[in-house]
Every structure is written in structure tokens, then in C-alpha cells.
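Sharing a structure below in C-alpha cells format, with a few things to ask.
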Amino acid sequence: MRGILESGRALNSYGADPAADGPLRPIMEQMPGIHWTTDQNLRVTSNWGKGLASSRISPDALVGRSVCEFLGCADRRTTPIAEHYEALRGFPSHFEYGWKYRSWEIRLEPLRTSSGEIIGCLGLGVDITDRKKSEEQTHYQARHDALTGLANYREFMDRLGQEVRRAERGHHSFTLLLLDLDGLKRINDLHGHLTGNRALQRLAAVMGEHCRSTDLAVRYGGDEFAVVLIDSDRGMAEQVAQRIENGLRTDQGKPSISVSIGVGTYPNDGLTAPELIEAADQQLYKYKRTENRRTTSAQAQLSRTKRASR
């Protein structure tokens with residue numbers, strides 16, 4: 001982008017007028033982006049570039065208009081007016097700006113005479129909307145689980161660390177839920193991996209239904225999930241856990257699924273992310289052992305009842 005701006009500066013120094021016919025006009029009209037020059041009152045003195053066509057601006061449409069008038073911005077302290085005034089003081093700038101529902105990368109620098117006197121501004125704007133969308137999509141994919149759409153381990157650890165630091169500064173509590181989908185291997189063995197994948201998606205959907213927009217729902221392992229509950233205490237966390245369990249009980253999908261859940265509370269159960277994860281993990285496996293004993297006891301009682309009835 002800097003090379004494009006330097007080309008525009010060179011053409012301007014030759015006195016090339018984009019609105020005038022001449023050997024340089026086709027070159028100027030095909031230069032990427034939108035280029036403009038202003039005087040010291042920020043009135044546009046020339047504009048050219050290939051980006052004008054996509055923006056529906058004719059090559060001479062801006063000449064004589066002030067930058068403030070064109071952008072509908074009267075406050076000289078706001079972007080990009082402030083940067084134009086900085087250019088008049090000799091300070092270049094490079095920034096992004098939203099205009100007409102598009103994202104633009106802008107470079108501004110002083111427009112100087114051959115003797116170095118500042119007589120206005122030289123600007124270049126390049127439409128980067130598609131690039132921004134691609135970058136945002138790539139960033140999203142890098143931090144979310146492709147199967148469930150929930151945040152992944154990387155996003156989980158970053159956000160959990162951020163929340164620990166925020167809670168430490170603000171002296172407030174928050175909670176962490178760790179969830180294991182019970183019997184995923186058995187589901188895969190009996191019904192196939194597609195059914196297992198749907199079971200994971202069903203759990204993710206129920207988690208999403210019972211989390212606030214400020215909370216973070218995560219799949220950070222094969223059958224391992226988590227929820228970071230912002231500005232919450234253990235009572236609120238247990239309510240959310242109960243709602244998730246109830247949501248799975250009423251889910252119409254087959255086979256039926258359930259979860260084991262552990263809770264970690266900041267600061268009571270830990271002051272760091274690893275300590276909170278360890279506390280919630282211990283409670284989760286304590287829950288699993290209790291449920292396994294209940295299941296074993298119930299199965300044994302059923303077996304004794306059947307034998308007695310024979």
C-alpha cells in the first residue's frame with residue numbers, strides 16, 4: 001500500500017491532473033484504491049484511482065468539496081478528519097475506517113512542494129472489506145470447534161485467564177462448569193460415530209440455550225465441555241447445571257444422553273485458571289463415582305428382584 005501511495009505522490013509531483021486528458025490519465029485511473037489531494041483548508045483538489053468506479057464516484061466529483069462535507073463529519077477531532085489535520089502538521093497516519101458499510105485502509109501524509117512546504121494532504125483509501133471478512137472467518141475457525149460451533153480449547157484458556165484477571169481487579173466472583181458427556185464411547189460402539197457426533201451437537205445446543213450471551217460455552221476435548229459463567233456464584237452455577245441436565249432429559253433425540261458436571265468458583269476454589277479447572281474436575285469425577293455407585297446399586301437390586309420372582 002505504501003508503494004501505491006508513493007506512486008500517487010510521484011504523479012502529483014509531475015503536475016498530473018486526473019481530470020485532464022493526457023498520457024498519464026489512463027495510468028492514474030487504473031491505480032488501485034481511491035487517491036485524493038487537498039489544500040490546507042481540506043478542500044479536495046484532485047481525486048483518481050480504480051476504486052472510484054466501485055464507489056460510484058466520478059474522477060472529478062470530489063474536486064472543490066471539503067473532506068468534512070463529503071464525509072458528513074463536522075467534528076475535526078474525529079477520524080478521519082483529525083488525521084487530515086495531523087497531516088497538515090507534518091504527521092502521516094495509517095488507520096482503518098468504516099464508510100458506506102465497507103471497511104477501508106487509509107494512509108494520509110503531508111502534500112509538499114518541491115521545497116518541502118506543506119500545501120495540503122495526500123490520501124489513499126483501499127477497500128479491505130473482503131479481506132477483513134476472510135480474516136474474521138479464519139480467526140473464528142481457529143478458535144471454535146467445527147462440529148459444535150462452541151469455543152475450542154484455545155479460546156477457553158485465553159478467556160478463562162482473562163476472566164481471572166478481571167475478577168482479581170474487580171474483586172468479584174465467577175464460576176466454571178466442567179461437563180462430560182456420559183457414555184460417548186458406548187454410543188459410538190452401539191449406534192455409530194455419526195450418532196455420537198449428533199449427541200455432541202445436542203449437548204452443545206442445550207448448553208447454548210441455558211447460557212447468557214456474556215458466558216462462554218466450550219468444547220475443549222472429545223467428550224469434554226465447559227461453561228465460563230461471568231459474574232456468578234456457586235448458586236447460579238448449580239442452577240445452570242440443573243437446567244442443562246433437565247434440558248437433556250427432555251431432549252427428544254435418540255439415544256437419550258446425560259452429563260456429569262463439576263463446579264469451580266473463583267476465588268473460593270482457586271485463584272488461577274489451572275486451580276479452578278482442577279477443582280471443577282475433582283468435583284466432576286466425584287459426581288461420576290457417586291452416579292456409578294447408584295447405577296450399580298440399582299442394577300443389583302433389579303437383579304435380586306428378578307431372581308426372587310422366579
Side-chain angles (χ1 to χ4, degrees), residues 139-185 196 199-249 251 257-296:
H139 178 80
Y140 181 89
Q141 291 173 345
R143 290 181 169 269
H144 287 78
D145 174 56
L147 178 65
T148 63
L150 301 183
N152 62 15
Y153 179 80
R154 179 180 179 183
E155 179 74 2
F156 171 50
M157 294 305 297
D158 285 352
R159 289 281 298 276
L160 183 58
Q162 291 171 12
E163 190 57 27
V164 166
R165 292 188 292 274
R166 194 177 76 90
E168 183 179 15
R169 290 193 304 270
H171 304 288
H172 64 264
S173 67
F174 74 94
T175 51
L176 170 67
L177 299 182
L178 292 186
L179 306 88
D180 269 9
L181 177 60
D182 297 329
L184 179 60
K185 183 179 184 304
L200 293 167
Q201 291 170 332
R202 287 161 56 198
L203 172 54
V206 170
M207 289 170 62
E209 289 176 4
H210 298 289
C211 291
R212 300 166 299 178
S213 60
T214 53
D215 299 328
L216 181 70
V218 183
R219 180 191 178 203
Y220 70 96
D223 58 357
E224 299 170 319
F225 293 75
V227 181
V228 181
L229 294 165
I230 309 301
D231 296 327
S232 62
D233 55 22
R234 178 170 289 274
M236 183 184 296
E238 290 174 349
Q239 289 178 7
V240 173
Q242 187 64 52
R243 288 200 296 266
I244 291 173
E245 290 178 325
N246 291 340
L248 292 177
R249 291 191 190 100
D251 180 70
I257 57 176
S258 63
V259 289
S260 299
I261 303 178
V263 181
T265 306
Y266 178 94
N268 295 341
D269 296 326
L271 298 175
T272 67
E275 289 175 355
L276 287 172
I277 292 172
E278 178 64 23
D281 204 41
Q282 288 181 2
Q283 190 181 50
L284 185 152
Y285 281 99
K286 181 180 178 180
Y287 180 92
K288 274 184 176 290
R289 288 193 296 270
T290 301
E291 287 301 302
N292 286 339
R293 284 196 295 270
R294 288 175 182 171
T295 301
T296 301

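These numbers were taken from a predicted model, which means no experiment stands behind them.
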Which distance, rounded to the nearest 0.5 Å, do you find between the CD of Q283 and the CG of D269? 7.5 Å
Calculate, to the nearest 0.5 Å, the distance between atoms CG and SG belonging to L150 and C211 respectively. 8.5 Å
Quick one about D233 and S173 (side-chain donor to acceptor, distance below 3.5 Å, no hydrogens or angles considered), yes or no? no
Contacts of R243 meeting side-chain contact (heavy atoms from CB on, under 4.5 Å) (sequence neighbours excluded), chain-then-number -> H210, Q239, V240
Grab the two heavy atoms, one from A241 and one from L177, that are nearest each other, plus how far apart they are. N-CD1, 4.2 Å
Candidate list L203, L179, L147, N152, test side chain to side chain contact (heavy atoms under 4.5 Å, CB included), partner R219, passing option: L147
Return the set of residues passing side-chain contact (heavy atoms from CB on, under 4.5 Å) with Y285 (not counting sequence neighbours), or none when no residue passes. D180, D281, K288, R289
Mind jotting down which residue pairs meet the side-chain hydrogen bond (donor to acceptor under 3.5 Å, both in side chains) criterion with at least one end in residues 220-230? Sequence neighbours excluded, please. none
Is E155 close to V218 at the side-chain level, that is, under 4.5 Å between some pair of heavy atoms? no
Work out which heavy atom in V228 is nearest to a heavy atom in F156; give both atom names and the distance. CG2-CE1, 3.9 Å
Rounded to the nearest 0.5 Å, what separates atom CG in D182 from atom OH in Y287? 7.5 Å
Can you sort out the partners of Q242 under side-chain contact (heavy atoms from CB on, under 4.5 Å), two or more places apart, ordered by chain and number? E245, N246, R249
Heavy atoms of L184 and G196 approach each other most closely as CD1-O, 3.8 Å
Which pairs of donor and acceptor atoms, one on a side chain in residues 270-277, lie under 3.5 Å apart (sequence neighbours left out)?
{"residue": "T272", "atom": "OG1", "partner": "E275", "partner atom": "N", "Å": "3.3"}
{"residue": "E275", "atom": "OE1", "partner": "L271", "partner atom": "N", "Å": "2.7"}
{"residue": "E275", "atom": "OE1", "partner": "T272", "partner atom": "N", "Å": "3.4"}

Specify the closest pair of heavy atoms between A226 and L176, including all atoms of both residues, with the distance to one decimal. CB-CD1, 4.3 Å
With no hydrogens and no angle check, just 3.5 Å: does a side-chain donor-acceptor pair link N268 and T265? no
Looking only at heavy atoms, what is the nearest atom pair of A199 and I257, with distance? O-CD1, 3.6 Å
Measuring from atom CG of L200 to atom CZ of F225, what distance do you get when rounded to the nearest 0.5 angstrom? 4.5 Å
Please round to the nearest 0.5 Å and tell me the distance separating atom OG of S260 and atom CG of L181. 9.0 Å
Give the intermediate values and the outcome of side-chain contact (heavy atoms from CB on, under 4.5 Å) for residues Y153 and D145. CA-CA 9 Å; Y153 179 80; D145 174 56; over 6 Å; no
Tell me, which pairs form a salt bridge (Lys or Arg N to Asp or Glu O under 4.0 Å) where one or both residues lie in residues 202-214, sequence neighbours left out? R202-D251, R212-D215
Which value, rounded to the nearest 0.5 Å, describes the distance between E163 atom CD and L216 atom CG? 10.0 Å
CA sep, side-chain torsions, deciding dist, call: T175, M236, side-chain contact (heavy atoms from CB on, under 4.5 Å): CA-CA 9 Å; T175 51; M236 183 184 296; 5.9 Å; no
